[in-house]
Amino acid sequence: MVGPKAYIHLNRLIQNYRVIKKHLGDSPIMAVVKANGYGHGAVACAKALEEEGCRFFAVFTIDEALELRQGGIQSDILIFSRMQNDFLAEAIDQNIILNMSGLDDFELLNEFYTQSGESPLFHLKIDTGMSRLGIPFEDAGKVLKTLSENPHLKCEGIYSHYATADEGELNYAEWQLEQFNLVLSLAKEMGIEFKYRHFSNSGSVLNLPNSTFDIVRIGMILYGAFPSDEVPMDIDIKPVMEFRGPIVETRRVKAGTKVSYGGIWESDKDTTIGVIQTGFADGFPRPWYDGGYVIYKGKPYPIAGRVCMDQFMVDFGDGQVAVGDEVLIFGENGNDSLHMEEIAQQIQTTPYVLATGIHGRTKRVYLNK
Ligand SMILES: Cc1ncc(COP(=O)(O)O)c(C=O)c1O
C-alpha cells in the first residue's frame, strides 16, 4: 500500500545492543520499550532483543507490559507508572514488576496482601532530583525501615532516574548519583539487600560510567540515536528506523509558483515539485519545513512550503524523479543518510519526540528479522 513507511532494521538494534554491552563491560541491559518501543514497535523489538539474550524490559503502563506478554515476551518486565490497586492481581498473574514510588504504595500492597496473601514484585524508586515519581530522598530512611518491617512484600530492586545525564555540565547528575549511593549505604547498614540496583540511562552510559550498578536501563541509544549533542558520541550505534515517504506526483512549475498552505514558499526558478504522501498526522515533524530537506538517491532536496496533514512537497529542481520512489525523511540506508539528531537540533526538539511521534498511517516494515 502506498504511504509512509518506517523500515525497522532489527539487525541494527541487535548490533547496537552488542556494541553498548561491550562498551559497558558486559553489564546486563534493561531495554526500555515504552511508547511502542520509542515508535519502533515494542513487541518486535523486544522479541529481537530477547532472542539476543536481553532478560529485562521496561515499559510505562500495565497495558504496554501486557502487550509484551501477549507477544510472547517471557523476560522480566518492569513498569514505570504508579502502581494502582486495579492491576495488582494482573501483575502477579502475568509476572510483571511494579514501581513502588510513594509511601502510600505500602498501604496499597499491605491491603492487597491481607485480602489475597500475595504480593506483586516491585522495585523501589528513589527520587534523587528528577522530582517526578519516586520516594523523596529525605524519606528514604523511613521507607527502608518500612520495607524491613514488611518482609512479605516482594521488593527485588531499587532505582533512580537522572534529570541531566545527557548534558555537558554534569554537576547535578553527579550529585544525584551521590544521593543514590547514600541511600544504598543506608540500606546496607540496615541489612537490606536488593537483587537489582539500577540508575543509568542513555545519557549516563555515555557520560557517567560509574553509575552502571547491576543493570543499565536504556532506550534511545539502543534505537541508534544519541540523546543530545552534549554527550560523547564515541560508540558506534546505527539508526534502527528509516522513515520514508513515497513520491505520488510530480509537476513542472514556473518561477514564482507558490506551494502549500499560506503560500509562504515560492519557487525562484522553473522547477519540479514532488508531492510526498506523508504528513504531520503520520509523524512527520511539521516545523522541519523551514530549512528542512529530504534525501533522494543520496542527495538533499529542500522541502517546499508548509507540511500538510497527509502530504508535503519537495523542490526537486531539474533532478530526475520517479513517481513511486520513496524519499528518506530520516534514518540511514546506503548513500541516503539524514539522522534524527540533525532534525531535532534544527527544530529544537529531541530524537525522543521524533521517534515516538511516528504514528498515524505510517506502516512499520521489519527488516532482517
Ligand atoms: C525511568 C526511565 N528510565 C530509563 C529511561 C530510558 O532513557 P533513555 O532513552 O534516555 O535511555 C527512561 C526514558 O525516558 C525513563 O523514563
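Whatever order the structure lists them in is the order used to number ligands and atoms, beginning at 1. For the single chain, residues carry numbers from 1 onward in sequence order.
- Only the side chain of Y38 comes within contact range of ligand 1, with a heavy atom under 4.0 Å; no backbone atom does.
- Ring orientation note: the planes of W288 and Y293 are tilted relative to one another, at an angle of 30° to 60°.
- When only non-hydrogen protein atoms are considered, atom 11 (O) of ligand 1 lies nearest to S202 OG, 2.6 Å.
- In terms of hydrophobic clustering, with Ile, Leu, Val, Met, Phe, Trp and Tyr side chains grouped at heavy-atom distances under 4.5 Å, L88 and L147 are assigned to a common cluster.
- Within the 4.0 Å heavy-atom cutoff, M30 does not count among the residues contacting ligand 1.
- Heavy-atom proximity to atom 15 (C) of ligand 1, evaluated over K125, H161, H198, is greatest for H161.
- Ranking the protein heavy atoms by distance from atom 14 (O) of ligand 1 puts K34 NZ, 2.8 Å first.
- If you take CG on L222 and CE on M30, they are separated by 12.5 Å, rounding to the nearest 0.5 Å.
- Residue-ligand proximity, G219 to ligand 1, at heavy-atom distances under 4.0 Å covers atoms 6 (C), 8 (P), 9 (O), 11 (O).
- We find the CZ-CG distance between F284 and D310 to be 13.5 Å, quoted to the nearest 0.5 Å.
- Here the protein heavy atom with the shortest distance to atom 4 (C) of ligand 1 is R217 NE, 3.4 Å.
- At least one heavy atom of R132 sits under 4.0 Å from some atom of ligand 1.
- In this structure, Y159 falls outside the shell of residues with a heavy atom less than 4.0 angstrom from ligand 1.
- When hydrogens are left out, the protein atom nearest atom 10 (O) of ligand 1 is Y352 OH, 2.5 Å; that is the closest non-hydrogen contact.
- Residue contact check: M220 has heavy atoms under 4.0 Å from atoms 8 (P), 9 (O), 11 (O) of ligand 1.
- Side chains of N181 and Q179: a donor-acceptor N/O pair is absent below 3.5 angstrom, by distance only.
- For V253, the side-chain contact (heavy atoms from CB on, under 4.5 Å) criterion is met by R251, T257, S267, T271, I273, not counting sequence neighbours.
- Here E156 does not pair with K154 in a salt bridge; the nearest charged N to carboxylate O distance is not below 4.0 Å.
- Applying the side-chain hydrogen bond (donor to acceptor under 3.5 Å, both in side chains) test to pairs two or more places apart or on separate chains, those with a residue in residues 84-100 are N99-Y159.
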